[in-house]
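Comments concern the structure below.
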Amino acid sequence: MTEIERVPANDKNFVGIGKIVFDKDAEWNIPHLHFMVDKTNAGNYEATLLEFGLISWAEKRDEAIKSLIIQTHSYIFNIMEKTGFDEFIKEVDSYLMDDYWRQYRKIEFTLAKDGRDLSHEIDRHIVQAIKEMLSEETKNILLEIAKHNAEKLKSEVDRLYKLNPHITYNEIKAAA
């Protein structure tokens, strides 16, 4: 391979990296895909998928990423309908995006020094979601226990009133 066959990345101003993760229930078992976002000299954003060399542009970073995700899904479905995984394997077995991969790894390891790499960010989101789910679930359990205890207490008070309709609060409190 010659340098001309590679997509150069040395003049890029990378402002973000990310992964596209397919739902485990997706029709095909597609590995996580990696992308980088470059802010161009014109002020637009260019999102590039490293595995397949797909590129999208937009005026806003998030729009470029969203466009790349849509393009990637469309591309995958198109390939799977025609030639399948063999086409993907052929594409990822090239040196075309080596300069991008090199930059991607440098950025990921630089972020990892401070625990801000993608794996830690994804883990943080998962842990936060679990905490929110658990706190909501815990709150619901506590409310259910409180409701059950209140119903038990009401039943006990009703039983005591049936035994002695003139019973006072202090007598009930003393019996508890």
Side-chain angles (χ1 to χ4, degrees), residues 1-81 83-141:
M1 293 266 157
T2 64
E3 277 301 310
I4 297 172
E5 294 176 357
R6 294 181 182 172
V7 177
N10 53 347
D11 61 343
K12 301 289 183 178
N13 177 26
F14 293 112
V15 294
I17 62 173
K19 292 181 182 178
I20 299 174
V21 180
F22 287 86
D23 185 356
K24 64 179 170 120
D25 296 328
E27 192 173 343
W28 302 293
N29 186 23
I30 303 294
H32 296 173
L33 302 175
H34 304 79
F35 66 89
M36 299 182 76
V37 180
D38 166 48
K39 186 169 185 180
T40 67
N41 292 334
N44 296 321
Y45 293 88
E46 176 184 273
T48 305
L49 188 75
L50 303 187
E51 283 80 4
F52 306 137
L54 302 175
I55 300 172
S56 70
W57 292 271
E59 290 182 5
K60 295 182 180 175
R61 185 192 63 183
D62 291 346
E63 289 174 7
I65 295 168
K66 183 179 178 180
S67 175
L68 181 66
I69 291 169
I70 292 168
Q71 180 184 7
T72 300
H73 279 94
S74 176
Y75 179 76
I76 288 171
F77 292 133
N78 187 34
I79 293 296
M80 290 306 286
E81 287 176 1
T83 55
F85 269 93
D86 291 339
E87 178 71 24
F88 295 140
I89 293 167
K90 202 182 325 176
E91 285 189 42
V92 298
D93 188 27
S94 78
Y95 295 101
L96 183 68
M97 300 304 292
D98 270 4
D99 287 350
Y100 274 75
W101 278 112
R102 187 175 295 111
Q103 293 297 321
Y104 184 95
R105 288 188 300 270
K106 282 176 27 182
I107 292 168
E108 182 73 348
F109 274 87
T110 300
L111 291 171
K113 282 192 317 190
D114 301 327
R116 296 181 308 136
D117 55 301
L118 292 176
S119 295
H120 283 93
E121 284 300 311
I122 290 169
D123 289 347
R124 267 195 282 281
H125 289 294
I126 291 170
V127 167
Q128 183 61 33
I130 289 171
K131 282 182 181 178
E132 289 172 8
M133 179 188 72
L134 286 178
S135 71
E136 186 67 28
E137 196 171 307
T138 303
K139 184 174 93 176
N140 290 337
I141 289 169

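With sequence neighbours excluded, the residues satisfying ring-ring contact (aromatic ring centres under 6.0 Å, His included) with Tyr100 are Phe14.
Atom NZ of Lys39 is surrounded by 12 or fewer heavy atoms from other residues, nucleotides or ligands within 6.0 Å. The environment of Asn13 atom CG is dense: over 12 non-hydrogen atoms of other residues, nucleotides or ligands sit within 6.0 angstrom.
Once rounded to the nearest 0.5 Å, the distance linking CG of Leu54 with CE of Met97 reads 9.0 Å. Taken from CD1 in Ile30 to OG1 in Thr72, the straight-line distance is 10.5 Å, to the nearest 0.5 Å. Note that the CD atom of Gln71 and the CZ atom of Phe52 stand 11.5 Å from one another [nearest 0.5 Å]. One distance of note links CG of Asp99 with CG of Leu50; it measures 11.0 Å at 0.5 Å rounding. Atoms CG and CG, on Asn41 and Asp11 in that order, are 8.0 Å from each other to the nearest 0.5 Å. To the nearest 0.5 Å, atom CG of residue Asn78 and atom OG1 of residue Thr83 are 8.5 Å apart.
Taking the six-membered ring where the residue is Trp, Phe85 and Phe88 present perpendicular rings, their angle passing 60° and hence far from 30°.
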Which atom pairs, donor and acceptor, lie under 3.5 Å between side-chain atoms of residues 57-67 and protein residues at least two apart or in another chain?
| unit_1 | atom_1 | unit_2 | atom_2 | d |
| --- | --- | --- | --- | --- |
| Trp57 | NE1 | Glu46 | OE1 | 3.0 |

How far apart are the C-alpha atoms of Thr48 and Val7, what are their side-chain angles, what is the distance that settles it, and do they pass the side chain to side chain contact (heavy atoms under 4.5 Å, CB included) test? CA-CA 11 Å; Thr48 305; Val7 177; over 6 Å; no

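Side-chain contact between Met36 and Trp101: absent, with no pair of heavy atoms (C-beta onward) separated by less than 4.5 Å.
Taking all atoms of both residues into account, the shortest heavy-atom contact from Gln103 to Ala9 is CG-CB, 4.1 Å. In this structure, Leu49 and His34 approach most closely via the heavy-atom pair CD1-O, 3.4 Å. Residues Ile55 and Leu68 share a closest heavy-atom pair of N-CD1, 4.3 Å.
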